[in-house]
Amino acid sequence: MTIQAVRGMKDLLPSDAGKWRFIEVTARAVFGAFGFQEIRVPILERTELFARSIGAATDIVEKEMYTFSDRSGDSLTLRPEATAGILRAYIENKLHAIPGPHKLCTLGPMFRHERPQKGRLRQFHQLDVEVLDDQGPQSDAELMVMLTHLLTRLGLQKISLKLNSLGCPNCRPAFRQALTSFLAGKEQQLCEDCQRRLSTNPLRVLDCKAAGCQEAAIGAPSMSDHLCEDCRTHFAEVRRLLDLAGVAYALDPRLVRGLDYYVRTTFEAVTGDLGAQNAVAGGGRYDGLLAELGGPAQACIGFGAGIERLALLIPEEPEAPRPDIFIAATGPKPRLMAFLMTQKLRRDGYWAEMTTDDKSLKAQLRKANKERARLVLFLGDRELQEDKGQIKRMDDSHQVEFEMGGLGHLFMNFDQAQADAEMQDRLWDAFFHSLMPLIRS
RNA sequence: GUGGCUGUAGCUCAGUUGGUUAGAGCGCCAGGUUGUGGCCCUGGAGGCCGUGGGUUCAAGUCCCAUCAGCCACCCCA
């Protein structure tokens, strides 16, 4: 049996590469306008980096990481998300010595060992942005403004923004306590996972989709009622700025993100057009994480967006690029001239094509048509003899003759002509002088 | 990790209660046009029927296993 790609790893074929390029250049333009600078970090890190940052009790760390030992016995992991590696690089390269905020962006593959389905792969790709050393709330709002700019520029309308505040280490314990006591006595209603979460992370019960859990959560205390003074004013200011900026969002008190490090602002961009995997982007504030990884106590916020999921939402490419000119040449001498001609045109940036072997003229035309070439230049012994080229505009079959200025005659006796390179250059110049107006028109 | 559905030509798919040389459309190649694409006509190439095992005189068809894809759960991008 032939070798297949590893499960959940997908090839990006030329037919889809245009969309990806569109997403990437658009993202770079949007992020650039907000002052973000690119950073590239390894896709492989020491396992403990992710275990410590993402949280040992999260699904990602518990069961989704691609972890293995290298030849020296170190435990390494293919990154399941981008933030941890960026923070590691930020600390290791002492970027924090320069006053912030630091706006960094990156893009590339992430790996999670899950069962593949629509919009979910084991190797997937994210756009990722981070603002390091900034407490917000302006940055919080700006990130969401930037995300909506990106989605708008990509032509995606049916996406809504969900927003929540998770509080901070000062106020969350109290809320957690309140929630735990509220759920006490309702354990039987909860799904297996949530019964376990009751002790590990009761907040997750709130966004569980299981009917019993949703029912049990009715009337549950809301984080928004338990925010401390600082968190409340922070969150209010984020919302005020979003309102002023005209960004639509929906408050979602059940939005609890799966990574442990989030505090205060969390947000997610969701769509109904992707089946069960409805999040196209998500992020939030992680003020304590940098210090936890051994860096300075600087507040940070960021988000990631799934490139595959964005690509699924972008309609088919309107039009593939087409060759500027196709040279249909028959016979050894004309083909030699055509070969040199295509190289010269390409050097000057024109997309020139010809067949790689001497097929029938009809077959060459068919190929030119299939590749949607704008123009076809006919080169045969007759053209060389008469020193006149035939050029045809394919869209309307309009065909004209043009003077080749001696180049045709030169290629009739190419062996002798080789000696005089200077004359050859002159003849090519004359030839292109006469051809270019036809190509450009 | 769990469940459901599906693997036949490059693509989309037919394939009778198991029965002899496995089909169609599209695409591809060539000819009809001795130097001109698209449309039309004619012909052609292209299949370990996902893989391995089993049942049977006989398996694309039935059984088991396995791999892969899709969808959902879980979770997230």
Side-chain angles (χ1 to χ4, degrees), chain A residues 1-10 13 15 23 54 58-65 79-83 107-128 147 159 191-194 196-197 201 204 207-211 213 255-259 266 268-271 274-283 302-313 326 328-331 334 359-383 385-386 390-399:
Chain A
M1 184 143 99
T2 50
I3 296 173
Q4 296 176 302
V6 173
R7 180 168 215 195
M9 314 271 157
K10 215 172 138 195
L13 301 178
S15 51
I23 292 169
I54 296 169
T58 58
D59 286 339
I60 292 179
V61 172
E62 269 182 358
K63 54 188 192 189
E64 295 173 4
M65 294 210 299
R79 64 179 182 192
E81 52 98 48
T83 304
L107 108 205
M110 311 292 159
F111 302 82
R112 291 182 201 173
H113 195 108
E114 299 182 274
R115 191 89 170 249
Q117 72 184 76
K118 186 183 180 76
R120 191 173 78 183
L121 295 166
R122 289 184 173 182
Q123 176 179 337
F124 60 103
H125 297 75
Q126 281 187 346
L127 305 166
D128 187 87
L147 178 57
I159 294 181
C191 69
E192 255 179 63
D193 287 326
C194 283
R196 189 165 41 84
R197 284 169 186 150
N201 191 354
R204 293 281 298 284
D207 71 341
C208 183
K209 289 172 198 155
C213 302
L255 178 64
V256 177
R257 301 191 49 76
L259 287 69
T266 56
E268 204 169 83
V270 297
T271 174
L274 281 179
Q277 309 306 318
N278 62 357
V280 297
F303 74 77
I307 297 182
E308 282 86 356
R309 291 185 183 179
L310 291 171
L312 283 173
L313 296 172
F326 191 103
T330 52
K359 288 183 191 298
S360 75
L361 188 63
K362 186 199 211 38
Q364 295 191 41
L365 259 289
R366 259 202 294 269
K367 192 161 173 59
N369 183 60
K370 202 167 53 203
E371 295 186 3
R372 298 169 53 257
R374 285 200 307 117
L375 297 169
V376 168
L377 171 68
F378 294 94
L379 279 186
D381 287 332
R382 192 199 296 162
E383 280 73 23
Q385 224 121 52
E386 297 174 2
Q390 299 286 335
I391 193 156
K392 179 173 186 171
R393 203 194 295 146
M394 294 297 273
D395 288 346
D396 61 2
S397 298
H398 181 66
Q399 186 165 326

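This is a predicted model, so every value here is computed, not measured. Residue numbers begin at 1 in each chain, while the letters A, B, ... track the order of the sequences.
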Over how many whole Å does the gap from A:Met394 atom CE to B:C39 atom C1' extend?
-> 14 Å
Runs of at least three Watson-Crick or G-U pairs with RNA chain B, cut-off 3.5 Å = B:1-7 with B:67-73, B:10-13 with B:23-26, B:28-32 with B:40-44, B:50-54 with B:62-66
Considering all heavy atoms, the nearest A:Leu361-A:Ala328 contact = CD1-CB, 3.9 Å
Between A:Ala305 and A:Leu310 the two heavy atoms that sit nearest each other are CB-CD1, 4.3 Å
Rounded to the nearest angstrom, tell me the gap between atom CG in A:Leu313 and atom P in B:A77.
-> 16 Å
For the base of B:U36, is there a side-chain donor-acceptor partner from A:Gln399 under 3.5 Å away?
-> yes
Indicate, with a heavy-atom threshold strictly under 4.0 Å, whether A:Gly283 touches base, sugar-phosphate, or nothing.
-> nothing
Closest heavy-atom pair and its distance - A:Ala276, A:Gln117 = CB-NE2, 3.9 Å
Using the P atom as the reference point in each nucleotide, state the distance between B:U2 and B:U21 in Å, no decimals.
-> 42 Å
Return a table of donor-acceptor pairs under 3.5 angstrom between the side chains of residues 363-371 of chain A and protein atoms on other chains or two or more places apart.
unit_1: A:Gln364; atom_1: OE1; unit_2: A:Ala329; atom_2: N; d: 3.0
unit_1: A:Gln364; atom_1: NE2; unit_2: A:Ala329; atom_2: O; d: 3.0
unit_1: A:Gln364; atom_1: NE2; unit_2: A:Lys359; atom_2: O; d: 3.0
unit_1: A:Lys367; atom_1: NZ; unit_2: A:Glu371; atom_2: OE2; d: 3.2

So what does A:Ala368 touch, heavy atoms closer than 4.0 Å: a base, only the sugar-phosphate, or nothing?
-> nothing
Would you mind classifying the nucleic acid contact of A:Asp128 as base, sugar-phosphate or nothing, using non-hydrogen atoms under 4.0 angstrom?
-> nothing
Integer angstrom distance from the C1' of B:U16 to that of B:U33 = 45 Å
Determine, stepwise, if the pair A:Arg122 / A:Val6 fulfils side chain to side chain contact (heavy atoms under 4.5 Å, CB included).
-> CA-CA 9 Å; A:Arg122 289 184 173 182; A:Val6 173; 5.8 Å; no
At under 4.0 Å between heavy atoms, what does A:Ile307 touch on the DNA or RNA strands: base, sugar-phosphate, or nothing?
-> nothing
Quote, to the nearest angstrom, the C1' distance that separates B:C64 from B:C28.
-> 39 Å
So which protein nitrogen or oxygen atoms get under 3.5 Å of nucleotides 1-4 of chain B's nitrogens or oxygens?
unit_1: B:U2; atom_1: O4; unit_2: A:Arg115; atom_2: NH1; d: 2.7
unit_1: B:G3; atom_1: O6; unit_2: A:Arg115; atom_2: NH2; d: 3.4

Is a donor-acceptor contact shorter than 3.5 angstrom present between the side chain of A:Gln117 and the base of B:G69?
-> no
d(CZ, A:Phe111; C1', B:A77) in whole Å = 14 Å
A:Arg120: partners by salt bridge (charged side-chain N to carboxylate O under 4.0 Å, His left out), with sequence neighbours left out = A:Glu114
side-chain contact (heavy atoms from CB on, under 4.5 Å) partners for A:Pro109, two or more places apart | A:Ile43, A:Arg79, A:Phe111, A:Gln123, A:His125
When rounded to whole Å, the CG to P distance for the pair A:Leu365 and B:G32 reads 15 Å
Atom pair CG/OG1 of A:Leu313 and A:Thr271 - distance to nearest 0.5 Å = 5.0 Å
At their closest point, which heavy atom of A:Leu312 faces which heavy atom of A:Gly119, and how far apart are they?
-> CD1-CA, 4.0 Å
Whole-Å distance separating the CZ atom of A:Arg309 from the P atom of B:C76 | 11 Å
Nucleotide B:U36, atom C1' - distance to NE2 of A:His398 in whole Å = 15 Å
Under 4.5 Å between any side-chain heavy atoms of A:Glu268 and A:Leu255, yes or no?
-> yes
Expressed in whole Å, how much space separates the P atoms belonging to B:G43 and B:G18?
-> 35 Å
For A:Gln390, which of A:Gln399, A:Arg382, A:Glu383 qualifies under side chain to side chain donor-acceptor pair (under 3.5 Å)?
-> A:Gln399
For nucleotides B:C63 and B:G46, find the distance between their C1' atoms and express it as a whole number of Å.
-> 32 Å
To the nearest Å, give me how far apart CD (A:Glu81) and C1' (B:A77) are.
-> 11 Å
If the P atom of B:U56 is compared with that of B:G47, how far apart are they to the nearest Å?
-> 33 Å
Over all heavy atoms of both residues, which pair between A:Gln126 and A:Gly304 is shortest? Give the atoms and the distance, please.
-> OE1-CA, 4.4 Å
Taking side chain as C-beta onward, heavy atoms only, is A:Arg309 less than 4.5 Å from A:Phe124?
-> no
Provide, to the nearest angstrom, the distance between the CZ atom belonging to A:Phe326 and the P atom belonging to B:G38.
-> 14 Å
Does the ring of A:Phe378 lie flat against the base of B:G35, closer than 5.5 Å centre to centre with planes under 30°?
-> no
Describe the nucleic acid contact of A:Gln123 in one word from base, sugar-phosphate, nothing, applying a heavy-atom distance below 4.0 Å.
-> nothing
If the C1' atom of B:A59 is compared with that of B:U20, how far apart are they to the nearest Å?
-> 13 Å
B:A9 and B:U61, which share atom name P, separated by this distance in whole Å = 15 Å
5'-most contact on RNA chain B: A:Gly8 or A:Asn278, nearest heavy atom basis?
-> A:Gly8
Do A:Arg372 and A:Met394 come within less than 4.5 Å of each other through their side chains, counting heavy atoms only?
-> no
Produce the list of close N/O pairs, under 3.5 Å, pairing protein atoms with atoms of nucleotides 29-31 of chain B; give distances to one decimal.
unit_1: B:C29; atom_1: OP1; unit_2: A:Lys370; atom_2: NZ; d: 3.3
unit_1: B:A30; atom_1: OP2; unit_2: A:Arg366; atom_2: NH2; d: 3.1

